[in-house]
Amino acid sequence: MAKAKPKAKTAKTKVTKKKSMKLFYSPIHGFIHKVLVVAHEAGLWNEIEFVPIYPMRDGYSVAAINPLHKVPTLALKDGTVLYGSQTIVEYLDARGKTTRKLYPKAGPARWDALRRLALADTVFEVTVNMALEKGEVPMRPSVFSWYWPKVERALDQMEKDAAKFKGFDIGQAATLHALSYLDRQCGKGLKPPVPENYNWRKGRPKLTAWWNKALKRPSVTSHFNKDFVGPDTPEFAAAQVAEVLAAQGKKAASRAPQKVDYHYLG
Ligand SMILES: N[C@@H](CCC(=O)N[C@@H](CS)C(=O)NCC(=O)O)C(=O)O
């Protein structure tokens, strides 16, 4: 009988339990992070590996797992990656260990909570953009060179996603929205490095095939590339607003309308 091999000496290493999620986020605790609050409220704090990312600094990138290269980004044990803080917080709330949920069930309380979420998140996003404009953080060379790679990576992700699209869902509705707006702005011309006459269809056959089919949906043909029909004046809009205010028992303020060249954004 062969002699039993002596057991290999193993180094005594402290085995730390693998966390079930990784949260890539900017660890600036000078402000309150919605995702951290929700993770805590949901009783999931100890299941999260917190991974600092400074998206504007060299050497930090989540582009490989999130085409938008944005934080927060949440990676699950099985490799699923969720991005968009709204997606992440809804996921954490649903997976949470506590019975008290931060997302009310479908109904008025939910719509109001989602409205307030959109309100607050937009305040956050515009504040981020104002801070960037101030230039305190190392600035990207230009909005175009900073954002364009995100768009191209996102389009490649859409091509992969399109291969698995089933039925029609909110993600597809949003994809139609994004692609049609991209077409519109590329048609008008953006700035380098966005190529002239850029066409996202090139090299993306699945997304193109899906797009061509989705364009036939009545929900799209109802308005796409058709002129708006109906009253379209500031007065009409103001009257409508006043009606809403009246229904709330309030009077419309007689403030002069803000002068903004809105058509530039169209
Ligand atoms: N809509 C996104 C916005 C997130 C966001 O703007 N994150 C900023 C935090 S500084 C970021 O990652 N910016 C890096 C970049 O845009 O490249 C969300 O809610 O998750």
Side-chain angles (χ1 to χ4, degrees), residues 21-42 44 48-76 80-96 102-103 110-111 113-158 161 169-179 181-182 185 190-194 265:
M21 293 171 262
K22 289 187 201 307
L23 179 69
F24 301 84
Y25 86 114
S26 56
I28 301 162
H29 291 188
F31 67 94
I32 299 165
H33 293 248
K34 167 181 82 209
V35 174
L36 298 189
V37 171
V38 175
H40 203 282
E41 296 272 349
L44 294 170
I48 298 175
E49 187 75 60
F50 297 95
V51 186
I53 289 286
Y54 302 89
M56 309 286 175
R57 289 190 200 163
D58 277 347
Y60 291 91
S61 177
V62 286
I65 55 170
N66 175 351
L68 302 172
H69 173 50
K70 273 184 178 281
V71 287
T73 295
L74 185 76
L76 310 183
T80 303
V81 175
L82 301 177
Y83 41 83
S85 60
Q86 298 82 3
T87 315
I88 295 172
V89 291
E90 188 160 357
Y91 171 80
L92 293 175
D93 190 52
R95 177 172 163 171
L102 299 179
Y103 277 75
R110 183 180 178 90
W111 316 142
L114 293 180
R115 176 190 61 77
R116 286 179 282 108
L117 172 68
L119 186 74
D121 278 358
T122 305
V123 168
F124 171 74
E125 274 198 55
V126 300
T127 309
V128 166
N129 287 328
M130 288 191 290
L132 286 175
E133 266 329 290
K134 232 180 110 193
E136 270 180 5
V137 264
M139 282 287 287
R140 67 246 157 175
S142 81
V143 162
F144 295 93
S145 49
W146 184 251
Y147 288 158
W148 187 244
K150 291 178 192 287
V151 173
E152 287 205 299
R153 287 193 302 260
L155 291 169
D156 290 341
Q157 181 64 46
M158 286 175 184
D161 292 343
D169 63 14
I170 188 67
Q172 291 185 49
T175 306
L176 286 169
H177 179 121
L179 293 179
Y181 191 68
L182 185 66
Q185 294 304 344
L190 292 169
K191 285 188 179 175
V194 185
L265 300 173

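As the structure is a prediction and not an experimental result, all values here were calculated from the model. Every number for a ligand or one of its atoms is a count from 1 in the order of the listing.
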Any [X] heavy atom less than 4.0 Å from ligand 1:
X	value
Pro72	yes
Asp121	no
Trp146	yes

**OP:** Report yes if some N/O of Lys34 lies less than 3.5 Å from some N/O of ligand 1; otherwise report no.
**Re:**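 In this structure, Lys34 places no N or O atom under 3.5 Å from an N or O of ligand 1.
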Original post:
Got an N/O contact under 3.5 Å between Val71 and ligand 1?
Top reply: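 Indeed, backbone or side chain, Val71 has an N or O that close.
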**OP:** If the plane angle is over 60° it's perpendicular, under 30° parallel, otherwise tilted; pick one for His29 and His33.
**Re:**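 The rings of His29 and His33 stand perpendicular, inter-plane angle above 60°.
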Considering only the protein, which heavy-atom contact is closest to [atom], and what is its distance?
atom	value
atom 1 (N) of ligand 1	Glu125 OE2, 3.0 Å
atom 6 (O) of ligand 1	Lys70 NZ, 3.3 Å
atom 20 (O) of ligand 1	Ser85 N, 2.7 Å

Which ligand 1 atoms, with their elements, are less than 4.0 angstrom from a heavy-atom of [X]?
X	value
Lys150	15 (C), 16 (O), 17 (O)
Gly84	20 (O)
Gln86	19 (O)
His69	14 (C), 15 (C), 17 (O)

**OP:** May I ask you to identify, for Pro55, whether its side chain, its backbone, both or neither come under 4.0 Å of ligand 1 on a heavy-atom basis?
**Re:**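 The part of Pro55 near ligand 1 is the side chain, not the backbone.
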Original post:
To the nearest 0.5 Å, how far apart are CG in Leu74 and CD1 in Ile65?
Top reply: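 Result: 9.0 Å between the selected atoms.
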Original post:
What heavy-atom pair brings Leu102 and Asp93 nearest, and what distance separates the two atoms?
Top reply: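 Answer, listing the atom of Leu102 first, then Asp93: N-OD1, 2.8 Å.
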Original post:
Near Ile28 CD1, under 6.0 Å, is it more than 12 heavy atoms from other residues, nucleotides or ligands?
Top reply: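 Atom CD1 in Ile28 is crowded, with more than 12 foreign heavy atoms closer than 6.0 Å.
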**OP:** Decide if atom CG of Asp58 counts as having more than 12 heavy atoms of other residues, nucleotides or ligands within a radius under 6.0 Å.
**Re:**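 Count not over threshold, so no.
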Subject >> Candidate list Lys34, Arg115, Arg116, test salt bridge (charged side-chain N to carboxylate O under 4.0 Å, His left out), partner Asp121, passing option >> reply: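 That would be Lys34.
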Original post:
Where do Val128 and Phe124 land on the side-chain contact (heavy atoms from CB on, under 4.5 Å) test, with the steps shown first?
Top reply: CA-CA 6 Å; Val128 166; Phe124 171 74; 3.5 Å; yes
Original post:
Between the side chains of Ser142 and Lys191, does any donor sit under 3.5 Å from an acceptor?
Top reply: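 Per modelled atom types, Ser142 and Lys191 side chains form no pair under 3.5 Å.
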**OP:** Using atom types as modelled and distance alone, determine if a side-chain donor or acceptor of Lys150 lies under 3.5 Å from a backbone N or O of His69.
**Re:**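 Between the backbone of His69 and the side chain of Lys150 there is a qualifying donor-acceptor contact (under 3.5 Å).
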